[in-house]
Amino acid sequence: MLWPMFFLALAFCGIAVLGVLAVRVGLEVRRFSRAVGDSSERITRAAENLERAAMPLAARSGRGTDSDGTQGPNET
């Protein structure tokens with residue numbers, strides 16, 4: 001009777017450890033997704049700033065966007 005109780009207690013401890021690890025993984029995933037979202041917003045702002053800063057240069061060289069906001073056939 002001692003061995004089955006020992007293995008039952010050991011199984012309970014194993015499940016408890018797996019539960020703690022699952023909670024830690026969930027918290028890290030939440031933190032990582034928040035960091036990815038923040039980075040995405042910063043990249044979007046930087047791209048908008050770069051586009052805004054490049055507009056005068058593109059206008060000077062005559063290779064800006066068309067009046068409807070699209071690029072010409074040779075621009076990529």
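Start at 1 with the first residue, then count along the sequence. Every heavy atom of this structure was used, including side-chain atoms; hydrogens, water molecules and symmetry mates were not.
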Fill in the blank from the handout: Going by chain and number, the hydrophobic cluster around V23 (ILVMFWY, side chain to side chain under 4.5 Å) further includes L27

Problem - Residues that, via side-chain heavy atoms closer than 4.5 angstrom, fall in one hydrophobic cluster with F32 - result: V36

Problem - Connected-component partners of V29 among ILVMFWY, side-chain separation under 4.5 Å - result: V25

Handout entry: Gap between atom CD1 of I43 and atom CD of E48 - 0.5 Å precision
Key = 12.5 Å

Can you give each donor-acceptor pair under 3.5 Å made by side-chain atoms of residues 2-16, sequence neighbours left out, with the distance rounded to 0.1 Å?
none

Exercise for the section: With sequence neighbours left out, write down each residue that passes side-chain hydrogen bond (donor to acceptor under 3.5 Å, both in side chains) with N49, or none if nothing qualifies. Expected result: R52

Problem - Sequence neighbours excluded - side-chain hydrogen bond (donor to acceptor under 3.5 Å, both in side chains) pairs with any residue from residues 14-32 - result: E28-R31

